[in-house]
Student: 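Let me give you the structure first, and then I'll get to my questions.
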Amino acid sequence: DTGVSQDPRHKITKRGQNVTFRCDPISEHNRLYWYRQTLGQGPEFLTYFQNEAQLEKSRLLSDRFSAERPKGSFSTLEIQRTEQGDSAMYLCASSPALTGGVETQYFGPGTRLLVL
Amino acid sequence: DAKTTQPNSMESNEEEPVHLPCNHSTISGTDYIHWYRQLPSQGPEYVIHGLTSNVNNRMASLAIAEDRKSSTLILHRATLRDAAVYYCILRDVAGGGADGLTFGKGTHLIIQP
C-alpha cells in the first residue's frame with residue numbers, strides 16, 4: 001500500500017493557461033474525491049467518483065473545472081483558462097466502499113497551484 | 001452535514017494530555033463524529049470516529065457527550081509531531097454517506113517543547 005499519490009506536487013502557470021492534475025488512489029479503493037484548500041481554510045469538497053462514475057459534480061467551482069476517472073483507477077482534474085483565484089492546494093482522497101455506513105478517506109499530499 | 005464549532009487554536013506542552021473540544025448542537029441521530037488532522041504541508045489524515053460511545057485507538061480517544069451535542073478528542077501524551085490542525089466533522093450516513101467531507105477551519109494545535 002503506497003498511499004494516495006498526486007502529480008505534480010507543485011505547478012506554476014500563467015493566467016489563462018489550462019492545467020491538469022493527476023491522482024492515483026490506493027489500489028482497490030473504488031471511491032475518489034477531489035478537494036480544494038485555500039490558505040487558512042479547511043479543504044472544500046469539489047467532486048466524487050465511485051469507480052468511473054462521477055456521482056457528484058455540482059460542487060465544482062465553475063464550468064472551467066472538470067474531472068475524469070476513465071477506467072475507475074486514476075483520476076484527473078483539469079482547470080481551463082486559469083485565474084489567479086484558482087491558486088490553492090488541490091487534494092485528492094480515496095476510500096473503500098462504506099462499511100457499516102462509515103467511511104475513512106485517505107488523502108494524498110496535494111498539488112499546490114500558483115497562477116501568476 | 002451538520003455544522004461543528006471548534007476553537008481557532010490551542011496550546012499545550014509536550015508530553016501532557018490535550019483535550020480538543022467540538023460543539024455540534026444540531027447533530028442528527030445518523031451523524032457520525034469524525035476527526036481528521038492535517039500536519040504542515042500534508043493532506044489531512046484520519047484520526048478517529050464514533051457515533052455514541054467513547055472510542056479509543058492508537059492515536060487518540062474520542063469522548064462523546066451523552067446528548068451527543070459535543071465531543072472531545074483526547075491526545076493522551078502530546079508530542080511535537082502532534083502539532084497540526086484538527087478538524088471535527090459530522091458525517092450523515094442516512095443517505096448512504098457517500099459524499100465529500102465538510103471541513104471547517106479546525107483547531108490549530110500548538111505544542112510547546
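Values below: all heavy atoms of this structure, side chains included; hydrogens, waters and symmetry mates excluded. Computed from a prediction, not measured in an experiment: that's the story for all the values here.
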Student: Taking side chain as everything from C-beta outward and backbone as N, CA, C, O, which of these in A/Gln37 sits under 4.5 Å from a heavy atom of chain B? Side chain, backbone, both or neither.
Tutor: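 When you check distances to chain B, only side chain atoms of A/Gln37 fall under 4.5 Å.
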Student: Side chain, backbone, both or neither: which part of A/Pro109 has a non-hydrogen atom closer than 4.5 Å to chain B?
Tutor: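 The backbone, not the side chain.
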Student: The test is side-chain contact (heavy atoms from CB on, under 4.5 Å); show your working for A/Gln105 and B/Tyr36 and say whether it passes.
Tutor: CA-CA 9 Å; A/Gln105 293 188 17; B/Tyr36 282 74; 3.8 Å; yes
Student: With respect to chain B, which residue among A/Gly108, A/Ser95, A/Ala93, A/Pro43 yields the maximal number of heavy-atom pairs within a distance under 4.5 Å?
Tutor: A/Pro43
Student: If hydrophobic clusters are built from ILVMFWY residues whose side chains come within less than 4.5 Å, do B/Phe103 and A/Phe45 share one?
Tutor: yes
Student: Are more than 12 heavy atoms, taken from residues, nucleotides or ligands other than A/Arg15, located less than 6.0 Å from that residue's CZ atom?
Tutor: no
Student: Closest approach of A/Leu91 and B/Pro44, non-hydrogen atoms and distance?
Tutor: CD1-CD, 4.0 Å
Student: Can you tell which part of A/Arg112 gets under 4.5 Å to a heavy atom of chain B, answering side chain, backbone, both or neither?
Tutor: neither
Student: Does CG in A/Leu55 sit with more than 12 non-hydrogen atoms of other residues, nucleotides or ligands closer than 6.0 Å?
Tutor: yes
Student: Under 4.5 Å heavy-atom distance to chain A, tell me which part of B/His108 shows up: side chain, backbone, both or neither.
Tutor: neither
Student: More than 12 non-hydrogen atoms from neighbouring residues, nucleotides or ligands closer than 6.0 Å to CD on A/Glu68, yes or no?
Tutor: no
Student: Sort by residue number and list every member of residues 52-86 of chain B having a non-hydrogen atom under 4.5 Å from chain A.
Tutor: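 Checking residues 52-86 of chain B against chain A gives no residue, so none.
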Student: Working to the nearest 0.5 angstrom, can you tell me the gap between A/Tyr33 OH and B/Leu101 CG?
Tutor: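 One finds 7.5 Å between OH of A/Tyr33 and CG of B/Leu101.
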